[in-house]
Amino acid sequence: VQLQASGGGLVRAGGSLRLSCAASGRTDSRNAMSWFRQAPGKEREFVSAISWYGTIRYYADSVKGRFTISRDNAKNMVTLQMNSLKPEDTAVYYCASDGSISDRYGSTWPFWGQGTQVTVSS
């Protein structure tokens with residue numbers, strides 16, 4: 001599975017961005033997908049995850065109520081709508097697939113995209 005993340009950029013605090021992750025290759029595994037992020041000098045952290053049918057969605061407490069994860073299986077795509085962005089959301093955002101939806105450390109997610117930079121100015 002190959003993952004291509006896009007949609008990052010520079011935005012002012014309070015603004016919005018929409019990240020997308022397109023999957024290609026073997027995409028029929030009824031997989032969960034997720035977003036993680038890593039800020040400079042910090043460890044990678046979980047952001048959100050979604051089940052195949054979208055009926056299960058998890059969010060980190062820090063983004064709950066501001067970010068929304070969704071997916072379109074027909075297009076093999078998962079998106080992360082990020083609203084009310086804060087400077088502390090600044091990080092490289094990575095999408096991942098085929099892992100355990102309850103895994104918030106990333107160790108069970110075998111496939112990762114290349115990351116997209118999100119920078120939120122104050």
Side-chain angles (χ1 to χ4, degrees):
V1 176
Q2 293 79 46
L3 303 174
Q4 180 72 40
S6 62
L10 173 63
V11 65
R12 288 182 176 268
S16 298
L17 282 174
R18 184 178 181 88
L19 305 184
S20 295
C21 178
S24 60
R26 182 184 56 80
T27 57
D28 59 350
S29 61
R30 299 292 189 267
N31 55 357
M33 296 191 73
S34 65
W35 289 95
F36 287 77
R37 67 186 181 186
Q38 188 165 20
K42 294 187 177 181
E43 293 186 352
R44 180 178 62 195
E45 66 171 345
F46 170 81
V47 176
S48 184
I50 187 169
S51 63
W52 171 257
Y53 291 108
T55 53
I56 301 173
R57 307 184 193 201
Y58 292 139
Y59 297 96
D61 289 343
S62 59
V63 307
K64 201 170 295 183
R66 300 188 296 121
F67 290 12
T68 302
I69 191 170
S70 61
R71 68 187 295 166
D72 183 338
N73 293 330
K75 296 181 179 179
N76 297 321
M77 185 169 290
V78 63
T79 61
L80 186 69
Q81 178 66 43
M82 307 187 295
N83 298 329
S84 302
L85 283 161
K86 304 176 180 179
E88 50 264 44
D89 293 318
T90 295
V92 177
Y93 284 69
Y94 299 90
C95 59
S97 72
D98 289 49
S100 170
I101 194 171
S102 60
D103 171 23
R104 299 196 174 205
Y105 297 96
S107 60
T108 69
W109 298 86
F111 303 111
W112 293 82
Q114 85 289 1
T116 184
Q117 176 71 48
V118 171
T119 304
V120 185
S121 63
S122 56

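Everything numeric in this text was worked out from a predicted model, so none of it was measured. The basis for the numbers below is simple: all heavy atoms, side chains too, and nothing from hydrogens, waters or symmetry mates.
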_Distance, nearest 0.5 Å, that separates CG of Asn73 from OH of Tyr53_ = 8.5 Å
*State, with a plain yes or no, whether a side-chain heavy atom of Trp35 is found less than 4.5 Å away from one of Phe67.*
no
_Do Leu80 and Phe111 land in one hydrophobic cluster if side-chain heavy atoms of ILVMFWY residues count as linked below 4.5 Å?_
yes
*Taking atom CE of Met77 and atom CG of Asp72, what is their separation to the nearest 0.5 Å?*
8.0 Å
*Which heavy atom of Lys42 sits nearest a heavy atom of Gln38, and at what distance?*
O-NE2, 3.1 Å
*How far apart are the closest heavy atoms of Trp112 and Phe36, and which atoms are they?*
CH2-CD1, 3.5 Å
*asked:* Checking Asn31 against Trp52 for the side-chain contact (heavy atoms from CB on, under 4.5 Å) test, could you report, in this order, the C-alpha distance in whole Å, the side-chain angles of both residues, the deciding distance, and whether it holds?
replied: CA-CA 5 Å; Asn31 55 357; Trp52 171 257; 3.5 Å; yes
*Give the minimum heavy-atom separation between Val92 and Gly115, together with the two atoms involved.*
CG1-CA, 3.8 Å
*With Thr68, which residues qualify under side-chain hydrogen bond (donor to acceptor under 3.5 Å, both in side chains), at least two apart?*
none
*Between Thr119 and Gln117, do the side chains contain an N or O donor and an N or O acceptor separated by less than 3.5 Å?*
yes
*Roughly how far, to the nearest 0.5 Å, is SG of Cys21 from CZ of Arg71?*
10.0 Å
*Which pair of heavy atoms, one from Tyr58 and one from Ile101, lies closest together, and at what distance?*
CD1-O, 3.3 Å
_On a heavy-atom basis, which atom in Trp109 and which in Ala32 lie closest, and how many Å separate them?_
CZ3-O, 3.3 Å
*Any side-chain donor-acceptor pair under 3.5 Å between Thr79 and Ser70?*
yes
_Working note: Arg37 + Val63, criterion side-chain contact (heavy atoms from CB on, under 4.5 Å); need CA distance, chi angles, decisive distance, verdict._
CA-CA 12 Å; Arg37 67 186 181 186; Val63 307; 3.9 Å; yes
*Atom CD1 of Ile69 and atom CD of Gln81: how far apart are they, to the nearest 0.5 Å?*
12.0 Å
_From CD1 (Ile50) to OG (Ser97), nearest 0.5 Å_ = 13.5 Å
*Following the transitive rule for hydrophobic clusters with a side-chain heavy-atom cut-off under 4.5 Å over Ile, Leu, Val, Met, Phe, Trp and Tyr, establish whether Leu19 and Val120 coincide in one cluster.*
yes
_Test log, rule side-chain contact (heavy atoms from CB on, under 4.5 Å), inputs Tyr94 and Leu3_ = CA-CA 9 Å; Tyr94 299 90; Leu3 303 174; over 6 Å; no
*Distance, nearest 0.5 Å, that separates CZ of Arg44 from CZ of Arg104*: 14.5 Å
*Just wondering, do Gln4 and Gln114 contact through their side chains at under 4.5 Å, heavy atoms?*
yes
_Met82 reachable from Val11 in the ILVMFWY side-chain graph, under 4.5 Å edges_ = yes
*Electrostatic pair Lys86:Asp89 at N-O distance under 4.0 angstrom*: no
*Please tell me if the side chains of Val1 and Met33 come closer than 4.5 Å, counting only heavy atoms from C-beta onward.*
no
_Exercise: identify the closest heavy-atom pair between Ala13 and Ser122_ = CB-CA, 4.3 Å
_Hydrophobic cluster identity match, Val47 and Leu85, side-chain contacts under 4.5 Å_ = yes
*Between Arg57 and Ser48, is any pair of side-chain heavy atoms under 4.5 Å apart?*
no
*Determine, step by step, whether Thr116 and Ser6 satisfy the side-chain contact (heavy atoms from CB on, under 4.5 Å) criterion, reporting the C-alpha distance in whole Å, the side-chain angles of both residues, the deciding distance to 0.1 Å, and the verdict.*
CA-CA 6 Å; Thr116 184; Ser6 62; 5.5 Å; no
